Number of protein chains: 2
Amino acid sequence: MPESKIIDLFALNTSSGIPIYRQLVDQIKQAIMMGMLEKGQQLPSVRQLAKALQINPMTISKAFAQLELEKILERRRGVGMLVAQQSKQTEVPLVVSESMQKFIKIAQQHDLDNEAIMLLIQQGLSVKIEGNQS
Amino acid sequence: MPESKIIDLFALNTSSGIPIYRQLVDQIKQAIMMGMLEKGQQLPSVRQLAKALQINPMTISKAFAQLELEKILERRRGVGMLVAQQSKQTEVPLVVSESMQKFIKIAQQHDLDNEAIMLLIQQGLSVKIEGNQS
DNA sequence: CCTAGTGTATTAATATAATAATACACCATT
DNA sequence: AATGGTGTATTATTATATTAATACACTAGG
């Protein structure tokens with residue numbers, strides 16, 4: 001994916017109540033999972049993004065700081081940012097996406113809305129382990 | 001489910017960063033979805049819960065205020081709280097749970113952790129319509 | 001070295017949310 | 001009406017998170 005198009009990956013919603021930097025973090029992880037960003041891929045500069053998205057450069061930087069902590073991106077002062085070669089986030093296998101789509105379809109056919117679906121999954125994930133982690 | 005056992009439904013984590021009242025809201029919705037709370041079912045009183053869970057009564061009340069707004073519970077001053085007969089939250093059909101469990105199993109077999117699974121679903125839900133928007 | 005491009009540490013301003021204390025409102029039973 | 005149980009509006013405190021401004025740090029290329 002050409003660097004110029006990467007900016008189009010981001011769809012920020014400033015009135016959703018979800019912090020901008022978190023939206024950035026999530027959307028980058030998702031882009032990698034969907035195969036839209038590859039390891040070694042260079043990202044647009046903090047200032048380019050900040051200008052294009054009309055937000056403060058530090059907000060971008062904060063998002064990337066978190067992503068670096070999680071070993072997903074590498075930041076290089078004076079150079080730029082790129083998807084880490086050893087990124088912990090990787091593209092999701094097709095069978096997984098397919099299984100998910102099947103599940104979502106069935107859930108929607110039974111009138112579950114998005115929030116209910118998220119809650120159900122959350123429940124499903126926490127039940128696996130007896131007692132609560134998190 | 002006997003009222004005395006309902007308190008056991010709640011597993012609050014005061015150090016998770018997730019607000020207590022939101023944990024209560026989510027856990028009640030989940031309990032209904034899992035069939036552990038039924039329509040018309042009476043809930044323990046605000047003060048009983050507050051004492052058992054070691055939190056302020058107003059925190060319980062806040063959670064229930066939200067659930068009433070969403071037409072899930074009914075609150076009756078001087079009487080108590082109960083699951084609304086017309087509750088918008090309903091038990092999830094078995095086929096849905098099964099499909100979900102299948103999906104979770106496959107995802108975990110492919111090394112997705114809980115956070116990745118949640119992000120994936122979130123992505124899956126936001127990409128509603130495949131096709132042209134031209 | 002100088003410049004113009006990278007990213008960022010520090011700090012401050014803002015915004016907002018979460019929790020709790022209090023006193024009050026409502027209801028059923030006597 | 002008195003009592004003892006319900007829930008709650010109001011208010012204040014606290015905590016904390018988010019965003020932004022500024023000045024600084026690093027790098028590549030001329």
Side-chain angles (χ1 to χ4, degrees), chain A residues 3-4 6-7 10 12-28 37 40-84 87 134, chain B residues 3-4 6-7 10-28 37 40-84 87:
Chain A
E3 188 174 320
S4 60
I6 291 182
I7 290 179
F10 302 104
L12 300 183
N13 183 343
T14 49
S15 62
S16 70
I18 300 165
I20 293 172
Y21 84 94
R22 176 163 302 291
Q23 293 184 44
L24 284 168
V25 167
D26 288 350
Q27 288 177 21
I28 287 175
L37 285 178
Q41 167 97 53
Q42 173 108 19
L43 298 178
S45 82
V46 161
R47 285 176 181 78
Q48 278 177 353
L49 278 175
K51 189 171 183 187
L53 303 176
Q54 295 279 312
I55 58 182
N56 190 288
M58 283 310 295
T59 302
I60 312 271
S61 185
K62 179 172 182 179
F64 288 171
Q66 164 140 9
L67 288 164
E68 184 169 59
L69 258 181
E70 298 184 41
K71 312 261 193 224
I72 292 169
L73 297 185
E74 277 179 38
R75 299 184 292 176
R76 298 196 188 150
R77 260 196 199 199
V79 179
M81 293 171 299
L82 38 82
V83 180
S87 180
S134 36
Chain B
E3 188 174 319
S4 60
I6 291 183
I7 291 178
F10 302 104
L12 299 184
N13 183 341
T14 49
S15 61
S16 70
I18 298 165
I20 293 170
Y21 84 95
R22 175 159 301 290
Q23 293 184 45
L24 285 169
V25 167
D26 288 350
Q27 288 177 20
I28 287 174
L37 285 177
Q41 167 98 52
Q42 174 109 19
L43 298 178
S45 82
V46 162
R47 284 178 181 78
Q48 278 177 351
L49 278 176
K51 189 170 181 185
L53 303 176
Q54 295 280 312
I55 58 183
N56 190 287
M58 285 309 296
T59 302
I60 312 271
S61 184
K62 178 173 183 178
F64 288 172
Q66 162 137 11
L67 287 165
E68 184 169 60
L69 258 182
E70 298 185 38
K71 312 264 193 223
I72 291 168
L73 297 185
E74 275 179 40
R75 300 184 293 175
R76 298 197 189 150
R77 261 198 199 200
V79 179
M81 293 170 299
L82 39 80
V83 181
S87 180

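All chains are named by letter (A, B, ...) in the order of the sequence lines, taking the proteins before the strands, and each is independently numbered beginning at 1. Note that the coordinates shown come from a computational prediction; the quantities given were computed from them, not determined experimentally.
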Separation of D:dT6 P from B:Met81 CE (nearest whole Å): 10 Å
Distance in Å, A:Ser16 OG paired with A:Gln23 CD, rounded so as to fall on 0.5 Å steps: 4.0 Å
For the pair made of CG in B:Leu82 and P in D:dG7, what is the distance, rounded to whole Å? 10 Å
Neighbours of DNA chain C within residues 49-57 of chain A, by heavy-atom distance under 4.0 Å: none
Nearest-angstrom distance from the residue atom CD of A:Gln42 to C1' of D:dA28: 13 Å
Among C:dT8, C:dT19, D:dT19, which nucleotide sits nearest the side chain of A:Val46? C:dT8
Any base atoms under 4.0 Å from B:Ile20, or only sugar-phosphate, or nothing? Heavy atoms, all strands. sugar-phosphate
OP1 or OP2 of D:dT8 versus the side-chain N and O atoms of B:Ser61: is any pair under 4.0 Å? yes
Could you please spell out the steps behind the side chain to side chain contact (heavy atoms under 4.5 Å, CB included) verdict for A:Arg75 and A:Ser61? CA-CA 10 Å; A:Arg75 299 184 292 176; A:Ser61 185; 4.1 Å; yes
So, is B:Thr59 near the phosphate of C:dA18, with a side-chain N or O under 4.0 Å from OP1 or OP2? no
From CD1 (B:Ile28) to CG (B:Leu43), nearest 0.5 Å: 6.0 Å
Spacing between B:Gln48 atom CD and D:dG4 atom P, to the nearest angstrom: 17 Å
Side-chain (B:Gln27) to main-chain (B:Ala11) donor-acceptor, under 3.5 angstrom: yes
Could you run down the sub-3.5 Å N/O contacts of the protein with nucleotides 23-27 of chain D?
unit_1, atom_1, unit_2, atom_2, d
D:dA25, O4', A:Arg77, NH1, 2.9
D:dA25, O3', A:Arg77, NH1, 3.3

Calculate the interatomic distance between B:Ile18 atom CD1 and D:dT16 atom P; express it in whole Å. 15 Å
If I take atom CG from residue B:Leu49 and atom CZ from residue B:Phe10, how far apart are they, to the nearest 0.5 angstrom? 5.5 Å
Value in whole Å for how far the P atom of D:dT18 lies from CG of A:Asn13: 15 Å
About how many Å separate CG of B:Leu67 and CG of B:Leu73, when rounded to the nearest 0.5 Å? 4.5 Å
Rounded to the nearest 0.5 Å, what's the gap from CG on A:Leu53 to CD on A:Gln48? Could you check? 11.0 Å
In terms of heavy-atom contacts, B:Ile6 and B:Gln42 come closest through CD1-O, 3.5 Å
In whole Å, I'd like the distance from the CE atom of B:Met58 to the C1' atom of D:dT10. 9 Å
For D:dT6, does OP1 or OP2 lie under 4.0 Å from any side-chain N or O of B:Ser45? yes
Do B:Glu74 side-chain atoms and B:Glu68 backbone N/O form a donor-acceptor pair below 3.5 Å? no
Taken to the nearest 0.5 Å, the spacing of A:Arg47 CZ from A:Ile60 CD1 works out to 11.5 Å
Expected list for residues 62-75 of chain B near DNA chain D, using heavy atoms below 4.0 Å, is B:Arg75
Separation of atom CD1 in A:Ile60 from atom P in D:dA21, rounded to whole Å: 14 Å
Would you call A:Met58 and A:Lys62 a side-chain contact if the rule is heavy atoms closer than 4.5 Å? no
Distance check: side-chain N/O of A:Tyr21 vs OP1/OP2 of D:dT18, anything under 4.0 Å? yes
For the residue pair B:Gly40 and B:Leu82, what are the closest heavy atoms and their distance? O-CB, 4.0 Å
